[in-house]
Amino acid sequence: MPALSTGATALPFAMQRPFDAILPAPFGKVGIRVDDDGALVHEIVYLPDSFAAIAPSGALAQRVAAQLAAYYDDPDYRFDLPLATRGTDFQRKVWHAISAVPRGGLTTYGTIAKTLQSMPRAVGQACGQNWFPIVIPCHRVVAASGLGGFAHHGEEGFHLGVKRWLLRHEGAMLL
C-alpha cells in the first residue's frame with residue numbers, strides 16, 4: 001500500500017480548491033487534487049469524459065499523471081505516491097486490506113468484513129469513501145452475487161463502467 005501521511009484541514013479538501021489536473025483515461029477522465037505544498041496527493045476522482053482536460057500543475061500532479069499512464073499501459077505497475085491520511089481508522093483498515101488483493105484477483109465485501117470482524121455493508125461503505133481509487137484498488141472488491149455497487153452509484157452507470165474497465169484491464173475474471 002502506498003505511504004499515507006497526515007494532513008488535517010477544516011473543510012473537506014474538495015471544497016477548498018479546484019483540480020490540479022484532469023487527465024484523460026481509457027474510461028473517461030481522472031481528477032487529481034494535491035496539497036498547496038505539492039507534497040501529498042489528497043484526492044483522485046473518476047470523472048466522465050465530458051470534463052475538460054487540465055494539464056498537471058506542479059511536479060506532484062505530473063508524477064500522478066505519469067504513474068496513471070504507466071498503469072494504463074501495464075496493469076502490473078506499482079504506484080509510489082505520497083497519499084494524505086484520509087478516512088477513519090476502520091476505513092484505513094479496509095483500504096489496507098484492499099491493497100493486499102493482487103492484480104487480477106478479486107475478493108468480496110464479506111471476506112474483508114470477516115477478516116476485520118465487521119459487516120459487508122460497512123466494508124462497502126469504506127470502499128465507496130476511498131479517496132485514492134486505482135491506487136487503492138477498491139475495484140477489486142465485489143459482492144458475493146456480482147460486481148456490487150461502486151462509489152455509491154449502485155449497479156448501473158458511469159462508475160460501474162469504470163470498475164468493469166479496470167477489472168478487464170487487470171485480467172480479472174468478471175462475474
Side-chain angles (χ1 to χ4, degrees), residues 1-2 11-34 41-57 61-77 79 81 83-84 86-87 91 94-95 97-99 101-110 112-113 120-175:
M1 177 172 169
L11 292 173
F13 199 77
M15 296 173 67
Q16 295 179 20
R17 64 179 306 139
F19 289 110
D20 294 289
I22 297 179
L23 310 168
F27 47 77
K29 300 270 181 15
V30 174
I32 308 297
R33 288 190 175 100
V34 301
V41 178
H42 275 265
E43 187 174 22
I44 297 172
V45 179
Y46 297 133
L47 300 169
D49 201 37
S50 59
F51 276 72
I54 298 173
S57 62
Q62 291 172 358
R63 183 175 163 195
V64 174
Q67 290 193 24
L68 286 170
Y71 168 79
Y72 301 144
D73 287 341
D74 177 6
D76 286 319
Y77 182 80
F79 290 94
L81 296 169
L83 305 178
R86 306 295 292 220
Q91 289 170 334
V94 170
W95 300 336
I98 292 168
S99 295
V101 178
R103 193 257 326 142
L106 296 174
T107 191
T108 65
Y109 301 109
I112 291 176
R121 183 175 298 262
V123 171
Q125 289 171 339
C127 288
Q129 294 297 318
N130 178 5
W131 292 90
F132 310 106
I134 299 181
V135 177
I136 298 176
C138 54
H139 57 275
R140 296 177 187 163
V141 184
V142 298
S145 61
L147 286 181
F150 189 60
H152 300 296
H153 297 282
E155 286 292 332
E156 298 302 325
F158 169 73
H159 287 89
L160 195 58
V162 172
K163 184 172 187 169
R164 284 188 181 107
W165 187 93
L166 292 167
L167 292 173
R168 279 193 299 271
H169 176 61
E170 293 182 354
M173 296 299 292
L174 298 177
L175 304 171

[X] versus [Y]: any side-chain heavy-atom pair under 4.5 Å?
X    : Y    : answer
L147 : L167 : yes
V41  : F79  : no
F132 : V64  : no
R103 : R140 : yes
P56  : D20  : no
W131 : H42  : no
L166 : Y46  : yes
P137 : V101 : no

Quick check against the 3.5 Å criterion: does [X] have a side-chain atom that pairs as donor or acceptor with the backbone of [Y]?
X    : Y    : value
K163 : C138 : no
H169 : Y71  : yes
W95  : Q129 : no
K29  : L23  : no

Does T108 have any side chain to side chain contact (heavy atoms under 4.5 Å, CB included) partners at least two apart in sequence or in another chain, and if so, which?
T111, V142
Go through the structure and list residues passing side chain to side chain contact (heavy atoms under 4.5 Å, CB included) with P120, not counting sequence neighbours.
Y109, A113
Nearest non-hydrogen partners of [X] and [Y], listed with the distance:
X    : Y    : value
C127 : V94  : SG-CG1, 4.4 Å
P75  : E170 : CB-CA, 4.0 Å
I134 : F27  : CD1-CZ, 4.0 Å
S99  : I136 : OG-CG2, 3.8 Å
Y72  : P24  : CE1-O, 4.0 Å

Find the distance between NE2 (H139) and CG (N130) and round it off to the nearest 0.5 Å.
10.0 Å
How far does CD1 of I54 sit from CD1 of I32, to the nearest 0.5 angstrom?
11.0 Å
Would you sort out whether L106 and M173 count as a side chain to side chain contact (heavy atoms under 4.5 Å, CB included), showing the intermediate values?
CA-CA 8 Å; L106 296 174; M173 296 299 292; 5.6 Å; no
